[in-house]
J.: 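One structure is given below, represented as C-alpha cells, and several questions about it will come after.
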Amino acid sequence: MPEPFIERSQKPEHGDYASGFPLKLARVAGAKPMSIAEDLIGLMPPAPEIKSIVAAPPGFINFTLKSDWLTNQVDSILSARDSYANIDIGRGSRVQVEFVSLNPTGPLHVGNVRGAILGSTLANVLSAAGYDAEREYYFNDAGNQINLFYRSLFIRYLQALDKEAEMPEAGYMGNYLVDLAGEFASTEGDRFLKMDEAGAVTELGKLGVERVISKIKEELQLLGIEFDSWFTEQSLYGNGQYERAMSLLRKEGYIAEKEGATWFVSTALGEDKDNVLVRSDGSPTYFATDIAYHYNKFLERKFDRVIDIWGADHQGHVPRLKAAVGALGVNPERLELIIHQMVTLRRGGETVRVSKRTGDIITLRELVDEVGSDACRFFFLARSANSQMDFDMELAKKESADNPVYYVQYAHARIASILRLAEERGIDHSKGDVSLLTGEPELFLVRKLLLLPELVDTIARTLEPHHLPHYAQELATVFHSFYKQCRVISEDEDLTKARLKLVEAAKIVLAKTLHLMEMTAPGKM
RNA sequence: GCGCCCGUGGCGCAGUGGAUAGCGCGUUUGGUUGCGGACCAAAAGGUCGGAGGUUCGAGUCCUCCCGGGCGUACCA
C-alpha cells in the first residue's frame, strides 16, 4: 500500500498542489487511475482554502487555492516581517554545523570558500527552520602539520634576522610565512634567539598560530561569516576527552594492537580494512583525534544533529568516521556529511594551482576584492555541492554586469524605490485591502512569495542550499513581470494601497531570501 | 583495480519516479512621451554521454560501457 502524497504542481495549469497518488494506487487496487482520482475527490471534505479539486488524466488530482485565501497571505507576510518563512521543524533541537576548519598554517584560499559559503548558508536556513544551530570552526593545533608550521615559521624568523637557516623538507614555502616572520622579527625582536631552540620554536609557533587565526577570522568576515565557536584539537587532550573516547572504544571491543600500532577494528563494522589510531611512535593519527572530536560533539556537548562539511578530497574518510561514531554508541544517522566537489580556479582560462605548501595561492581576500562578496556567495551557492566547479575570476568579473546577482538585487532596489516614492507622496497603505489583488500577475507573485517557507523546509531536510539562489532569481523574474504589467502607484487609491502591500511583502520575502544567503538587499544601486 | 561525485540546448547550471525537460548568459526580433530599461515580451536552439533493464510512467532507480574530477597512507 503506497503512502499518500501531495506536492507542488510544476505548472500553473495544474493548480497549486497536485498528487499522482491515484496512479500509484492503481497498481495495488486494480482499478483505473482516473476513477480512483474521482472517488478520492468525492471523499475529501471541503476546505476553506481550496477553490477546486479536479481529476486530470492520466490520474492526477489537482488542487487550486482560493484567490482570497492567497491574497490574505500578503497580510500574513506583512505582519510576520523578518520572521516570515521561519518554520519549526527543528523544534529547538540542537544542530551543529562545522565547516572550513582549515588548519591555522596559512591564509584561506578559494578552495576553502565553497565550504564556508555552504556552511554559513545552511546554518542560516537551519535556524530559520527552528533549529538551535551552532557554527563551529575546528582547528588542528597539535600534530605533524602544526609542528612543520612551527619549524617553518622559526626558520623564516631566523632568516628575517639575517641568520643562516634552511627550510625543512616539505615545509610551508608560501610568502605569507616570510611576511609573518618579518612581522615577528620587528615586533618581538631577537628574543627567541636567546632561549633554547625547542622552546623558541614552540613559543614563536604559538604566536604564529594566533596571528594566522585572527587573519582567518578577518578574511571570513569579508564574506560575512562568523562562527559561534572555535574549537581546538588541544582541548581534546587538555580535559581527558581523547582518553575517554579511546577507552570507550576499547571497552566496546573495537581496538586491537598489532604491528606495533593501535588499530580501530572497523572491519567488525563492515569496513574494508582497519585503521590506525595510534602510530607505532605513540602519536595519534588524525582519525583518532577526529573520533575524540565527535565523541565530544555527541556525548559531551550532546548535539542532536551534527553536520560536517568537507571537500571531496576527504570523502574516503566518511565511512570510517561514521563507523567510529556508531562504535561510540551513537546512531550514525545523527552525523551528516556534506561533501562538496573541488573548485578549480582559473584566470582567463588558465588553471591556477592552489597549493599552500608551494605558496602559489589566491587568497579569499583577493577573490572577494576582485569579485565581490555578494557575487561570490551567489556563484558558489548556485551550484549543487555534488558538482565540481571551475571558477574563472576573469569571467566572474566580466559577467558581473549581466549577473543574476544584480538582477535579483535590482528587483529589491526597485521595490525600495517604489516604496520610497509612495512615502514621499504621503500614501499610507497600512489599511490597504488585499482582496483587490485579483489580477493574474498579482496572484502569480503571491504564489511565488508563498514558496519560501516550503523551500526552507526542503533545504533543512536535504541540506541542499543551492535551491536558494534559483528561487531568488525566479522571485525577481516574477516581480519584474508583475511590475511591467501592473502600475503600483496610480490614480486608483484603493488599488494603489493594495498593491503597495503586495510590493512590500515582496520586499520582505526577497530580502529574507538574500539574507539567508548572507547577501545584501540594497535599497539603491 | 576498487569506492564516491559529475556528464542535460553554443556556454554556465536547475530538475523531490509523473502531465509538453526548465532558468541565466549568448543569438535573433519586438517593447516605455507614467512608479528605476541593470527591465519586459517573443523566437530559434535538446534523440538528457551510450546500451540494456525495472515500472502504467525514467533526466531521475538497477546493471554494463565511455568521458571527467576526487579518494584509495602508521598525511590531514
Side-chain angles (χ1 to χ4, degrees), chain A residues 5 7-11 13-14 18-21 23-24 26-27 32-33 56-60 62 101-103 105 140 143-146 148 170 259-263 272-273 275-290 311-319 339-342 344 379 382-390 392 395 399 401-411 413-422 424-425 458 461-462 464 466-467 469-471 473-474 476-477 479-491 496 499-500 503 524-525:
Chain A
F5 64 94
E7 54 207 355
R8 271 281 169 186
S9 303
Q10 293 179 355
K11 291 177 188 292
E13 308 92 84
H14 303 146
S19 177
F21 184 53
L23 291 161
K24 287 259 190 305
R27 197 174 307 168
K32 286 201 174 4
F60 292 99
N62 293 335
S101 295
L102 174 75
N103 286 350
T105 51
N140 214 288
N144 287 343
Q145 293 305 318
I146 210 78
L148 192 58
E259 299 160 29
T262 304
W263 297 70
D272 296 344
K273 55 188 177 62
N275 298 96
V276 171
L277 293 172
V278 183
R279 300 183 186 92
S280 37
D281 69 1
S283 64
T285 59
Y286 171 83
F287 182 43
T289 57
D290 221 18
D313 51 344
H314 289 64
Q315 160 268 124
H317 185 59
V318 173
I339 304 299
H340 66 261
Q341 299 302 309
M342 306 309 278
T344 42
F379 257 103
R383 285 150 184 78
S384 100
N386 284 337
S387 52
Q388 54 201 83
M389 61 184 287
D390 278 1
D392 189 327
L395 206 63
E399 286 184 351
D402 290 317
N403 214 296
V405 182
Y406 298 101
Y407 179 82
V408 171
Q409 291 182 323
Y410 180 71
R414 199 177 223 186
I415 291 171
S417 162
I418 296 168
L419 295 174
R420 227 178 285 130
L421 181 70
E424 278 166 22
R425 299 202 183 161
T458 302
R461 282 184 294 100
T462 63
E464 289 176 348
H466 68 272
H467 299 294
H470 291 276
Y471 171 72
Q473 199 175 338
E474 282 171 23
T477 297
F479 176 77
H480 285 309
S481 178
F482 154 82
Y483 173 86
K484 209 67 179 181
Q485 295 174 76
C486 302
R487 179 161 180 92
V488 178
I489 300 173
S490 67
E491 270 77 67
T496 295
R499 284 182 173 167
L500 281 170
V503 166
K524 288 181 184 172
M525 289 176 68

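The figures here come from the full heavy-atom set of this structure, side chains too, leaving out hydrogens, waters and symmetry mates.
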J.: Are A:Gln145 and A:Asn140 close enough that some pair of their side-chain heavy atoms sits under 4.5 Å apart?
T.: no
J.: Set out, in order, the CA-CA distance, both residues' side-chain angles and the distance that settles side-chain contact (heavy atoms from CB on, under 4.5 Å) for A:Asn103 and A:Ile146, then state yes or no.
T.: CA-CA 8 Å; A:Asn103 286 350; A:Ile146 210 78; 5.6 Å; no
J.: How are the rings of A:His317 and A:Phe287 set to each other: parallel, tilted or perpendicular (split at 30° and 60°)?
T.: perpendicular
J.: Do A:Arg414 and A:Phe479 form a cation-pi contact, if we require the NZ or CZ to be under 6.0 Å from the six-membered ring centre and within 45 degrees of the ring's axis?
T.: no
J.: What's the gap between B:rA38 and B:rU32 when it is taken at their C1' atoms, as a whole Å value?
T.: 16 Å
J.: Does A:Ser384 have a side-chain nitrogen or oxygen under 4.0 Å from the phosphate oxygens OP1 or OP2 of B:rG15?
T.: no
J.: Does some side-chain heavy atom of A:Asp313 sit less than 4.5 Å from a side-chain heavy atom of A:Met342?
T.: yes
J.: Could you tell me the separation between the NE2 atom of A:His317 and the C1' atom of B:rA76, rounded to a whole number of Å?
T.: 9 Å
J.: Starting the side chain at C-beta, find the nucleotide from B:rA19, B:rG15, B:rG18 nearest to A:His467.
T.: B:rG15
J.: Would you find more than 12 non-hydrogen atoms of other residues, nucleotides or ligands less than 6.0 Å from A:Glu491 atom CD?
T.: no
J.: At 4.0 Å (heavy atoms only), tell me whether A:Asp281 reaches a base, stays on the sugar-phosphate, or touches nothing.
T.: nothing
J.: Between B:rC66 and B:rU28, how far is it from one P atom to the other, in whole Å?
T.: 42 Å
J.: Give one of base, sugar-phosphate or nothing for A:Gln473, where a contact means two heavy atoms less than 4.0 Å apart.
T.: sugar-phosphate
J.: With a 3.5 Å cut-off and heavy atoms only, can you find an N or O donor on one side and an acceptor on the other between the side chain of A:Lys24 and the base of B:rG18?
T.: yes
J.: Write down the distance between CG (A:Asn275) and P (B:rU72), rounded to a whole number of angstrom.
T.: 12 Å
J.: B:rC62 and B:rC4: how far apart are their P atoms, nearest whole angstrom?
T.: 10 Å
J.: Please confirm whether the ring centroid of A:Tyr410 lies under 6.0 Å from the ring centroid of A:Tyr407.
T.: no
J.: Once you round it to whole Å, what is the distance between P of B:rG68 and CG of A:Asp390?
T.: 15 Å
J.: B:rC6 P sits how many Å from A:Met389 CE, rounded?
T.: 16 Å
J.: Do any N or O atoms of the protein come closer than 3.5 Å to N or O atoms of nucleotides 9-11 of chain B, and which pairs are they?
T.:
none

J.: Mark yes or no for a side-chain to base donor-acceptor pair under 3.5 Å between A:Gln10 and B:rG15, with no hydrogen or angle criteria applied.
T.: no
J.: Phosphate oxygens OP1/OP2 of B:rA41: is one of them under 4.0 Å from a side-chain N or O of A:Ser481?
T.: yes
J.: Picking from B:rC6, B:rA76, B:rG68, which would you name as closest to the side chain of A:Gln388?
T.: B:rG68
J.: Under 4.0 Å: is that the gap between some side-chain N or O of A:Asn103 and OP1 or OP2 of B:rA76?
T.: no
J.: Considering every strand and a 4.0 Å limit on heavy-atom distances, what is the contact class for A:Arg383: base, sugar-phosphate, or nothing?
T.: sugar-phosphate
J.: Evaluate the ring planes of A:His466 and A:His470, with Trp represented by its six-membered ring, and classify them as parallel (under 30°), tilted (30 to 60°) or perpendicular (over 60°).
T.: perpendicular
J.: Mind checking if A:His314 touches a base, just sugar-phosphate, or nothing, with heavy atoms under 4.0 Å?
T.: base
J.: Return the value, rounded to whole Å, for the distance between atom NZ of A:Lys484 and atom C1' of B:rC35.
T.: 11 Å
J.: Base, sugar-phosphate or nothing for A:Ala26? Non-hydrogen atoms, less than 4.0 Å.
T.: nothing
J.: Can you confirm whether A:Asp272 is buried at CG, in the sense that more than 12 heavy atoms of other residues, nucleotides or ligands lie under 6.0 Å from that atom?
T.: no
J.: Just the rounded figure in Å: distance from P of B:rC40 to CD of A:Glu474.
T.: 14 Å
J.: When only distance counts, do a donor and an acceptor, one from the side chain of A:His466 and one from the base of B:rA14, lie under 3.5 Å apart?
T.: no
J.: What distance, rounded to whole Å, do you find between the two C1' atoms, one in B:rA58 and one in B:rG52?
T.: 14 Å
J.: Can you tell which of B:rC39, B:rA19, B:rG36 lies closest to the side chain of A:Met525?
T.: B:rG36
J.: When you get a sec, tell me which of B:rC35, B:rC74, B:rG69 is the closest nucleotide to the side chain of A:Ile489?
T.: B:rC35
J.: Remember a base hit wins even if backbone is also touched, and classify A:Ala411 as base, sugar-phosphate or nothing at under 4.0 Å, heavy atoms.
T.: nothing
J.: Determine whether A:Ser384 and A:Asn386 satisfy the following criterion, side-chain hydrogen bond (donor to acceptor under 3.5 Å, both in side chains), listing intermediate values before the conclusion.
T.: CA-CA 5 Å; A:Ser384 100; A:Asn386 284 337; 4.7 Å; no
J.: Closer to the 5' end of RNA chain B via nearest nucleotide, is it A:Ala413 or A:Gly20?
T.: A:Gly20
J.: Can you check the distance between B:rA44 and B:rG10, where both ends of the measurement are the C1' atom (answer in whole Å)?
T.: 12 Å
J.: What nucleotide, of B:rA19, B:rA76, B:rG37, holds the atom closest to the side chain of A:Tyr410?
T.: B:rG37
J.: Give me the distance, rounded to whole Å, that separates B:rC2 from B:rG59 when you measure between the C1' atoms they each carry.
T.: 27 Å
J.: If you find the nucleotide of RNA chain B closest to A:Val276 and the one closest to A:Ala18, which residue's nucleotide is nearer the 5' end?
T.: A:Ala18
J.: Could you let me know what B:rU47 is paired to, Watson-Crick or G-U wobble, both distances under 3.5 Å, or none if it's on its own?
T.: none
J.: Of all the nucleotides listed (B:rC39, B:rG24, B:rU72), which has the minimum atom distance to the side chain of A:Tyr407?
T.: B:rC39
J.: CD of A:Gln485 versus P of B:rC39: gap in Å, rounded?
T.: 17 Å
J.: Indicate whether OP1 or OP2 belonging to B:rG24 is found under 4.0 Å from a side-chain N or O atom of A:Tyr406.
T.: no
J.: Measure all distances between protein nitrogen or oxygen atoms and nitrogen or oxygen atoms of nucleotides 20-22 of chain B, and list the pairs falling under 3.5 Å.
T.:
from, atom 1, to, atom 2, distance (Å)
B:rG22, OP1, A:Lys11, NZ, 3.2

J.: Work out how far the P atom of B:rG50 is from that of B:rU8, and round it to whole angstrom.
T.: 10 Å
J.: Base, sugar-phosphate, or nothing for A:Phe287, non-hydrogen atoms under 4.0 angstrom?
T.: nothing
J.: So what does A:Ala385 touch, heavy atoms closer than 4.0 Å: a base, only the sugar-phosphate, or nothing?
T.: nothing
J.: Can you tell which of B:rG34, B:rG37, B:rA19 lies closest to the side chain of A:Ala56?
T.: B:rA19
J.: Quote, to the nearest angstrom, the P distance that separates B:rG9 from B:rG30.
T.: 29 Å
J.: Could you tell me whether A:Leu23 contacts a base, only the sugar-phosphate backbone, or nothing, with contacts defined as non-hydrogen atoms closer than 4.0 Å?
T.: base
J.: Rounding to an integer number of Å, can you tell me how far A:Gln315 CD sits from B:rC70 P?
T.: 12 Å
J.: By centroid distance (under 5.5 Å) and plane angle (under 30°), are A:Phe60 and B:rG18 in a stacked arrangement?
T.: no
J.: Hey, does the side-chain of A:Ser417 have a donor or acceptor N/O within less than 3.5 Å of a partner on the base of B:rC35?
T.: no
